[in-house]
Novice: 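Before I ask anything, let me first share the structure, which is written out below as structure tokens.
The figures that follow rest on heavy atoms only: side chains count, while hydrogens, waters and symmetry mates do not. Numbered from 1 within each chain, the chains take letters A, B, ... in sequence-line order.
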Amino acid sequence: MAARTPRPLSGFPELLPEERVVEDHVLDVLREVFELHGFAGVETRAVEPLSVLLRKGEIDKEVYAVRRLAEVAEEGAAAGAGGDDVLALHYDLTVPFARYVLENAGKLAFPFRRYQVQKVWRGERPQEGRFREFRQADVDVVDAGSLAPHHEAELPLVMADAFARLPLPPVVMQVNNRRLVEGFYRGLGLADTASVMREVDKLDKTSPERVRASLVDGVGLGEREADACLALATLRAEPGSTGFVDEVRGLGVRDELLDQGLDELAAVVAATGAVGGGSFRVVADLSITRGLDYYTGTVYESRMTGYEHLGSICSGGRYDALADDGRTTYPGVGLSLGVTRTLVPLLQRGLLRASRPTPTAVLVAVADEEHRAASAAVAAALRARGVATEVAPSAARFGKQIRYADRRSVPFVWFPQEDGSHEVKDIRSGEQVPADPATWAPPAEDARPTVAWHEPTA
RNA sequence: GUGGGUGUAGCUCAGCUGGUAGAGCACCGCGUUGUGGUCGCGGUGGCCGCGGGUUCGAGCCCCGUCACUCACCCCA
């Protein structure tokens, strides 16, 4: 059988070295910012028992089951009856974290602040910005018994700090509160609130008229109820403004849960209004109802300006009942940044680029194989002072050795001279000067690959 | 899971009513015998996604299948 070029697997993205430099840079920044805010790093195993991932009878979450090959042979026996024994790849980092908290509650100090950067897997149909294997960066605060509400404002501030340091388009975070929405619907006397949320959530993709139509014809609301739902969902607020509270009250619906949700949302918006410096802002948006089903209060979504079609790149919310061992409940709030969703579309457009694909700052030329040791000694001296250095792979013509460096955007080529002296050439300018392996260093901006945003050329 | 689109060189694509497979880029070599990039010339590289059918003859037509892709669903 002839060897065929392997095809990419849809939904399982793999980056080229130059793209990987960008991702690594972003991950470095996230880690730095999360730790600056006092979050401890945690990693959980890739698999969980299926029963942990599928709570309360949800059957078709798009999870990948993991089985031993030998088990597959005995199809059927393991499939139906397995229960807890069936393993599955985690589809987010929050559910495994909740399990981790329960398992280690005795060893953790609460409120517990953790960040977690790992891949997750979902068996969905991929398209731009949607993958089957992708990386998320999560920050969560979990407490035992009760969780102070100010954490719901703290997490957007952490992300604001991160985005301020990343070379990305401006991000707008939209915040809403499920208690507010649930209470409003309840106050209207609606029974099937989940279906209403589902339709309302399509507002960003279709027109209010169509949503209204499906609320009336599909979900079965009366004209007045449908109008009220739309009126609520179309409310917006500028950063820091809590004017929406009076606007909601003005809609005339009264409900205890609604009042609680309004207070919570107002508190988050008021505390986050001043941040971002242009790279990140937080606004109340009462149409945001989406997200995982375990969110109970505050919910977040975020979009990159100009790339809204990718959907939310950073979402999360408050979950009051996800972790519960029967005696103690551990409420939490968290945000999840979709690293892959954010980066891959920008990388493919060439908007986010690394200055070079390899760390190498200096290539030491090799005059001939007899003198390779001399070149290796130069490389060792440079590396001892932190200069990323490699030795030319072959003693080809110097022209080819320079081209080897040029192809990789390695900025400097080092030439050991016959008389024992040295010269280093900046191959971008062509300038070649005497240099000492014991003291020479590249300019700081050339020491390692750098990452930059490149405006689309119109 | 449902519906649409597309599969030709490593990449981007052309290929007429069916008549023996093409371009640009990339890569390699030479011009340039120890300092790259430009330029010129030359070269490597194809089960035309896979299987079947129609035909004297299929990249092209028909059927199936797989993959990729877009939309729905859902969501980072």
Novice: In terms of the angle between their ring planes, are A/Tyr319 and A/Tyr294 parallel, tilted or perpendicular, with boundaries placed at 30° and 60°?
Specialist: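 A/Tyr319 and A/Tyr294: perpendicular rings.
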Novice: Could you check whether A/Ile427 gets within reach of a base, just the sugar-phosphate, or nothing at all, counting any heavy atom under 4.0 Å?
Specialist: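 If one applies the 4.0 Å heavy-atom cut-off, A/Ile427 turns out to touch a base.
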Novice: Closest heavy-atom contact between A/Leu27 and A/Arg20?
Specialist: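 Heavy atoms of A/Leu27 and A/Arg20 come nearest at CD1-NH1, 4.3 Å.
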Novice: Check the distance between B/A76's P and A/Arg125's CZ and give it to me in whole angstrom.
Specialist: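 Result: 20 Å.
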Novice: Provide the distance between the two C1' atoms, one in B/U54 and one in B/G3, to the nearest whole Å.
Specialist: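 Between the two C1' atoms, the distance is 30 Å.
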Novice: Under 4.0 angstrom, heavy atoms only, what part of the nucleic acid is A/Phe415 near: base, sugar-phosphate, or nothing?
Specialist: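 Counting heavy atoms under 4.0 Å across all strands, the contact made by A/Phe415 includes a base.
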Novice: Judged by each residue's nearest nucleotide on RNA chain B, which is more toward the 5′ side, A/Ala396 or A/Leu310?
Specialist: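 Final value for this comparison: A/Ala396.
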Novice: A/Leu230 pairs by side chain to side chain contact (heavy atoms under 4.5 Å, CB included) with which of A/Glu225, A/Glu209, A/Glu199, A/Arg212?
Specialist: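 So, applying the side chain to side chain contact (heavy atoms under 4.5 Å, CB included) to A/Leu230 and each of A/Glu225, A/Glu209, A/Glu199, A/Arg212, only A/Arg212 qualifies.
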Novice: NA contact type, A/Leu93, heavy-atom cut-off 4.0 Å: base, sugar-phosphate, or nothing?
Specialist: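 It contacts nothing in the nucleic acid.
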Novice: Report the distance from atom CG of A/Leu335 to atom C1' of B/C75, rounded to the nearest whole Å.
Specialist: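 For the pair A/Leu335 CG and B/C75 C1', the rounded distance is 15 Å.
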Novice: Would you kindly check whether a donor in the side chain of A/Arg135 faces an acceptor in the base of B/A76, or vice versa, at under 3.5 angstrom?
Specialist: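 No, no donor-acceptor pair under 3.5 Å.
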Novice: Using a cut-off of strictly less than 4.0 Å, decide whether A/Gln127 has a side-chain nitrogen or oxygen near OP1 or OP2 of B/A71.
Specialist: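 Yes.
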Novice: May I ask you to verify if any side-chain N or O of A/Thr342 is less than 4.0 angstrom from the OP1 or OP2 atom of B/A76?
Specialist: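 A/Thr342 to B/A76 OP1/OP2: no side-chain N or O under 4.0 Å.
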Novice: Holding to ring pair (Phe, Tyr, Trp, His ring centres under 6.0 Å), I want the full list of residues that pass it with A/His422, two or more places apart in sequence or in another chain.
Specialist: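 A/His422 satisfies ring pair (Phe, Tyr, Trp, His ring centres under 6.0 Å) with A/Trp414 only.
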Novice: List, with names and distances, any nitrogen or oxygen atoms from the protein found under 3.5 Å away from nitrogen or oxygen atoms belonging to nucleotides 26-30 of chain B.
Specialist:
unit_1	atom_1	unit_2	atom_2	d
B/C27	OP1	A/Arg407	NE	2.9
B/C27	OP1	A/Arg407	NH2	3.4
B/C28	OP2	A/Arg407	NH2	3.3
B/G29	OP1	A/Lys400	NZ	2.6

Novice: Centre-to-centre under 6.0 Å for A/Phe112 and A/Tyr330, is that the case here?
Specialist: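 That pair fails the under 6.0 Å test.
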Novice: For A/Lys119, which contact category applies under a 4.0 Å heavy-atom criterion: base, sugar-phosphate, or nothing?
Specialist: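 Result for A/Lys119 = nothing.
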Novice: How does RNA chain B look in dot-bracket notation if pairs are Watson-Crick or G-U with both distances under 3.5 Å, crossing ones as [ ], other-strand ones as |?
Specialist: (((((((..((((.....[..)))).(((((.......))))).....(((((..]....))))))))))))....
Novice: Give the rounded distance in Å between these two atoms: CZ of A/Phe134 and C1' of B/C75.
Specialist: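 Whole-Å distance recorded here is 7 Å.
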Novice: Which part of the nucleic acid does A/Ala365 contact within heavy-atom distance under 4.0 Å: base, sugar-phosphate only, or nothing?
Specialist: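 No contact.
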